[in-house]
Each structure stands twice: as structure tokens, then as C-alpha cells.
Amino acid sequence: MADWIALDRLLIAAQPGRDIGICDGTALDHVAFRLRVLAWHDAFSAAEGRDWALYFDDTVAFAAALFGAWHAGKRVFLAADNLPATLQALQPQVSGFAGDLSADYQPLQATDSAAADVALLPLDERACELCVFTSGSTGQPSAISKRLDQLAREVDALQAAFGAQLDGTQVHGTVSHQHIYGLLFRVLWPLAAGRAIQPRRFFHEDLVGALAGTDTVLVATPAHLKRLPEQLDWASLHGRLRAVFSSGGPLPEDAARQVRQWLGVAPTEVYGSSETGGIAWRRWDTDAPPWQPLPGVQWRIEEDCLAVASPHLETLVWWRTQDRVEALADGRFRLLGRADRIVKIEERRVSLDALERALREDPEVEDVRVLVLQGQREQLAAVVVPADPALARAGDGARRALGQRLGARLAQGHDAVTRPRRWRLVESLPINAQGKVTQAALVALFQPMMPVPVWDCRDEAAATLRMTLDPALRAFQGHFPQAAILPGVAQLDWAVRFGRQAFVLPVGFQRMDAVKFQRVARPGDELTLHLDWDAGRGVLTFRYTSVHGVHASGRVVFADAH
């Protein structure tokens with residue numbers, strides 16, 4: 001069993017023989033890890049500015065840069081990912097970037113060498129800061145500042161609650177260290193406890209092989225745990241998998257039961273948020289277990305909602321959550337759903353949680369999210385994962401029929417105002433890197449870029465498809481304020497995009513020929529798109545028709561045709 005080292009003193013002296021984990025395929029001990037921290041310390045000490053954003057694919061490489069920045073007096077911003085939009089939003093807030101980023105962002109590099117005998121002072125827990133971003137589950141992501149003392153006390157609480165069962169384990173995970181859950185469970189807690197950190201695993205097949213044959217702990221999200229494929233050899237993990245942690249969202253009861261059965265260990269679910277830190281935990285030894293507060297966390301009920309006070313918060317003031325709660329006699333509690341998911345539609349109070357529960361009870365529904373769509377008139381919408389996956393890929397008629405059936409069943413307990421009026425069927429709910437379903441991703445499903453095609457025929461040189469023009473298509477948004485008309489530029493774009501789905505088109509575009517727009521197309525119209533591809537001339541011919549006649553036609557010539 002490795003000795004516990006407080007995070008503020010983690011790098012003061014080298015600890016030969018203490019495992020850190022795998023970094024870029026190489027096993028590192030504490031001595032080698034400390035050298036990497038010192039190299040980053042030197043780089044950050046020479047860099048101007050206080051605020052620096054980090055993004056690393058490798059967990060141990062990230063940890064070295066994080067502690068190097070802290071020891072150099074920097075405040076660290078965690079980039080959720082390295083997508084251009086994310087980095088561009090961060091750019092005005094930071095002095096620079098470090099990590100696995102495009103050269104366009106001139107990422108800082110660690111120094112080539114660092115002296116191993118350099119002394120490091122203990123970190124000032126109240127001076128070291130980290131800025132994380134919420135997932136945006138109910139709106140836009142927001143920045144939250146965390147001090148090292150808050151993070152360290154949370155790590156202490158995790159060790160007090162679960163540490164005894166995890167001695168000698170390796171830490172595997174499907175969650176990113178770039179978010180607070182992964183940061184705590186896959187970086188800070190293992191470093192303090194001396195547990196070897198393993199690379200993040202994205203695929204179940206890789207996970208089974210990595211977990212087998214050694215004592216391990218798995219850090220995962222509900223999105224990953226509820227998609228465990230039955231055909232894998234999960235039985236090989238029995239007896240060696242010490243714990244499975246789940247956080248970041250509610251773990252469905254069916255998924256918890258399946259983990260317990262297949263992986264041979266009852267999952268431990270941890271409840272909290274970026275703002276509050278960890279609040280409580282429960283182990284799924286039985287169905288629907290109540291919540292037990294983490295060590296050091298106090299709780300009470302304020303206006304039917306859970307309020308907490310703990311060292312994980314920025315101040316000692318009580319923090320009222322939006323989670324409705326029921327107290328139990330033994331000091332534990334049950335969560336009853338979100339207060340902020342009770343909305344008003346046409347002055348009627350509607351619980352989005354209650355609607356989702358009612359829909360999940362329907363045998364045709366695997367999973368669902370209900371949301372409010374803003375506009376001239378607010379309306380409820382539902383994103384449904386059907387129990388029959390084929391329905392998510394079916395034509396408009398079958399998809400519309402399922403929405404009508406679900407709406408009719410809801411009508412037994414909800415009137416027309418308080419049940420969803422718009423429906424989207426998907427094969428799986430859209431999740432981000434944290435394994436969370438965000439409001440923005442759900443809303444985007446109701447503003448599709450392109451219509452859903454129904455292909456009537458498709459061969460090497462000709463294709464025909466039909467499409468119904470959904471009023472929510474982005475092409476209808478704002479182009480013609482006086483009337484909803486499909487713009488010609490959208491028709492041209494769709495012709496090329498569908499052409500690329502049907503044929504192998506050259507990359508280069510040269511020109512358009514004989515383009516004519518003869519009739520307007522409006523929401524609700526069913527268009528048929530005829531495509532012909534002349535590979536020898538590099539010409540794609542398109543024609544949009546409907547029961548009203550020809551709407552548009554033309555040719556697109558590609559530049560690198562032979």
C-alpha cells in the first residue's frame with residue numbers, strides 16, 4: 001500500500017518506486033513524473049501572464065503540466081476539448097495554451113531538461129486555482145473557479161469514503177481528465193493515494209482487455225455504462241474489478257442492475273456538480289438505494305430543495321441546489337427531481353422530469369429527453385430513443401406515427417398544452433465529452449441543417465430521393481422575414497451534399513451552369529431530387545420537383561474532372 005501524500009506536498013521530494021502511471025505508452029514512477037513537472041514549471045515560470053489553458057490527450061502528461069503550472073503560480077483553465085470553437089472562446093480569457101493543440105495556438109512547450117535537485121515549496125492551497133466549465137446541461141456552459149483547498153478536501157472525502165477498498169488498484173476510466181469528475185477521480189485522487197493511472201479507454205472492447213488480469217477501479221459515466229455490449233467477456237473481470245464509479249448524470253436503474261450482473265460489482269454512484277463538488281453517494285447493492293452524504297458534507301432542506309455546506313464549496317455559506325429532496329429517518333435522503341425542470345407553458349406548470357418518467361414507462365421508448373423550445377410561442381419537445389432502433393432510421397411516416405402514438409398515450413394524463421408537440425427520433429441521445437446530454441445539442445436536433453432523405457434509387461450514375469421540408473430547417477430561419485421560402489443557395493448546397501452521399505465526387509468545385517429557380521418551395525412541401533453524375537465530364541446534374549412541377553434545376557462542374 002502506497003503512502004498518502006497531500007496534493008500540496010506531492011512534488012516536494014522524489015519518491016523512488018512510487019508508481020504514477022502510463023504516459024504516452026511509457027510507465028512513469030514518481031521520480032520521472034517529478035522531472036516532467038519541473039520541466040513544465042520552468043516553461044511556465046518563463047512565460048508571461050497568469051492564466052493558461054491546458055488540453056492534453058494523455059492523462060499523466062496533463063497532470064505534469066497542471067502541477068508545473070501551479071508551482072509556477074499560474075491559474076489553469078481546462079479546455080473541454082481542442083475544437084476550434086472551444087479554443088477561440090477561451091482565447092480572450094487566457095495568456096496562452098499548452099498541450100495537444102494546433103500550431104495556430106502556439107502551445108507552450110516544456111523545457112528540454114530540468115535539474116532533478118531543484119527544490120519545490122509546498123503549494124499554497126488557497127492560491128492555486130483552476131477554472132472548469134459546466135457541461136451546459138440546461139443552458140450555456142459557465143466558468144467555475146476552484147481552489148486547490150476545495151479540490152484537496154474533496155479528494156480527502158473520497159479517500160475516507162472509498163479508499164480502504166481500493167488499495168493496490170490501477171485506475172482506468174472512460175471519462176476525460178479535462179472535466180471535474182475525471183480530474184478528481186483519474187488524476188488528483190490517484191496521485192495522492194499512489195494508484196497507477198492508466199490511459200483513457202474509449203471503446204468497450206479495449207476496456208475489457210485493459211481491466212482483466214489486475215486489480216482495477218473503473219471511472220465511467222452513465223452514458224457509457226448503459227451501453228455495455230453483452231457479447232464481451234465481462235466475466236473475466238470478476239474478482240479483480242474492485243469498484244465501478246459513475247457520475248455526471250443519473251445512472252438508470254436498468255444500467256446499474258446490468259453492471260452488477262455482468263461486471264460482478266455493484267456500481268457506486270456519486271452525486272454532485274461542478275459548483276458544489278461531491279455531495280453524496282450510493283451503492284447499487286439493491287434497487288433504488290437512497291443517498292448518503294460524503295464525509296464532511298452537511299445537508300438540509302430549504303423550500304423542498306437540498307441545501308449543502310461543505311469544504312468543497314468556495315465559502316462556508318449554505319448552497320441551495322435545484323434538486324427536490326425527501327429526508328429519511330437514518331440521515332440519508334432521496335432525490336425527487338429538479339425544481340428548475342418545472343416550467344410554465346401558457347401559464348401551466350409542467351414537470352419535464354414527470355413527462356420523461358411517463359415516456360420511459362412506455363414499452364416503445366428506450367430513453368428520452370423533454371425540453372422547451374423557445375420562439376414566438378414556447379412549446380414542449382421530446383427527443384426519443386425508440387426501443388426498436390430501426391424506427392430511428394425509418395421514413396417520415398413511421399417516425400411521425402410513433403410520435404403520435406406516444407402523444408396519444410400521454411393524453412391520458414396530460415392535456416394538449418402540457419405534452420410534447422414536436423418529436424425527434426434518434427438512435428442515441430447526443431452526448432459531449434463528459435458523457436452528458438446538453439441543452440444546446442438537443443435544441444440543434446430541432447433545427448436540422450438538411451432534410452432527412454428517403455432514397456428511391458441509387459446507382460453509379462443516377463439517384464433519386466424524396467424529402468419533406470421540415471419548418472424547423474435552418475434554411476428557413478431568417479432568410480425571408482416575410483415568408484418561409486427555401487433559399488436557392490440551400491438547394492444548391494443540398495444537391496452537392498446529397499450528390500456526395502450518392503456518388504464519388506471530386507473535391508474541387510469549378511462552376512455552376514444553367515441554374516434555374518422556377519417555383520418557390522415552402523415548409524411542408526415534399527420535394528423529389530433527381531441527380532445524375534457524368535464521371536467522364538465531372539458534371540452533376542440536379543432537378544427538384546414536386547406535385548407543383550419543377551422547382552429548380554442546374555449543373556455543377558467539378559474542377560479536377562479528367
Check: [X] ring centre within less than 6.0 Å of [Y] ring centre:
X	Y	result
Phe185	Phe245	yes
Phe77	Trp52	no
Trp281	Phe162	yes

Do any N or O atoms from the side chain of [X] and from the backbone of [Y] form a donor-acceptor pair under 3.5 angstrom?
X	Y	result
Thr438	Ala441	yes
Tyr181	Ala220	yes
Arg201	Ala210	no
Arg186	Val175	yes
Thr111	Ala39	yes

If we only count heavy atoms from C-beta on, is the [X] to [Y] side-chain gap below 4.5 Å?
X	Y	result
Glu275	Leu313	no
Arg282	Trp291	yes
Ile12	Leu121	no
Pro250	Pro222	no
Glu326	Phe333	no
Val325	Cys305	no
Leu373	Arg422	yes
Leu184	Trp189	no

Give a yes-or-no answer on whether the side chains of [X] and [Y] include a donor-acceptor pair shorter than 3.5 Å.
X	Y	answer
Thr86	Asp81	yes
Thr216	His172	no
Ser246	Glu269	no
Asp323	Tyr271	yes
Thr169	Arg242	no
Gln178	Ser176	no
Trp318	Glu302	no
Arg283	Thr268	yes

Which atoms form the tightest heavy-atom contact between [X] and [Y], and what is the distance?
X	Y	result
Ala161	Leu294	CB-CD2, 4.1 Å
Leu218	Leu211	CD2-CD1, 4.4 Å
Val370	Arg341	O-NH2, 2.9 Å
Gly278	His312	O-ND1, 3.0 Å
Ala13	His30	O-CE1, 3.2 Å
Leu191	Ala63	CD1-CB, 4.1 Å

(request) Go through Trp40 and Phe56 one step at a time and tell me if the ring-ring contact (aromatic ring centres under 6.0 Å, His included) criterion holds. (result) CA-CA 13 Å; Trp40 278 111; Phe56 287 80; 5.7 Å; yes
With a sphere of 6.0 Å drawn around [atom1] of [X], does it hold more than 12 non-hydrogen atoms of other residues, nucleotides or ligands?
X	atom1	result
Gln379	CD	yes
Asp304	CG	no
Asp330	CG	yes

(request) I would like to know whether Asp149 and Arg147 meet salt bridge (charged side-chain N to carboxylate O under 4.0 Å, His left out); could you show each step before the answer? (result) CA-CA 5 Å; Asp149 63 324; Arg147 298 187 309 268; 2.9 Å; yes
(request) Evaluate the salt bridge (charged side-chain N to carboxylate O under 4.0 Å, His left out) criterion for residues Lys226 and Asp367: first the C-alpha distance (whole Å), next the side-chain angles of each, then the deciding distance (0.1 Å), finally the verdict. (result) CA-CA 11 Å; Lys226 69 184 182 182; Asp367 202 355; 2.7 Å; yes
Are [X] and [Y] close enough for a salt bridge, meaning some N to O gap below 4.0 Å?
X	Y	value
Arg338	Asp353	no
Lys74	Glu129	no
Asp287	Arg257	yes

Can you tell me how far apart [atom1] ([X]) and [atom2] ([Y]) are? Round to the nearest 0.5 Å.
X	Y	atom1	atom2	value
Asp24	Thr59	CG	OG1	10.0 Å
Asp100	Asp58	CG	CG	8.0 Å
Arg369	Gln439	CZ	CD	11.0 Å
Leu83	Tyr55	CG	OH	8.0 Å
Asp215	Arg195	CG	CZ	12.0 Å
Ile345	Leu380	CD1	CG	4.5 Å

(request) Fit a plane to each ring of Trp70 and Phe67, take the angle between them on a 0 to 90° scale, and name the class: parallel (under 30°), tilted (30 to 60°) or perpendicular (over 60°). (result) perpendicular
(message) Working note: Glu125 + Arg153, criterion salt bridge (charged side-chain N to carboxylate O under 4.0 Å, His left out); need CA distance, chi angles, decisive distance, verdict.
(response) CA-CA 10 Å; Glu125 286 190 336; Arg153 298 299 79 76; 3.0 Å; yes
(request) Check the pair Glu314, Lys146 against salt bridge (charged side-chain N to carboxylate O under 4.0 Å, His left out), reporting the backbone distance first and the verdict last. (result) CA-CA 7 Å; Glu314 185 176 5; Lys146 292 280 185 179; over 6 Å; no
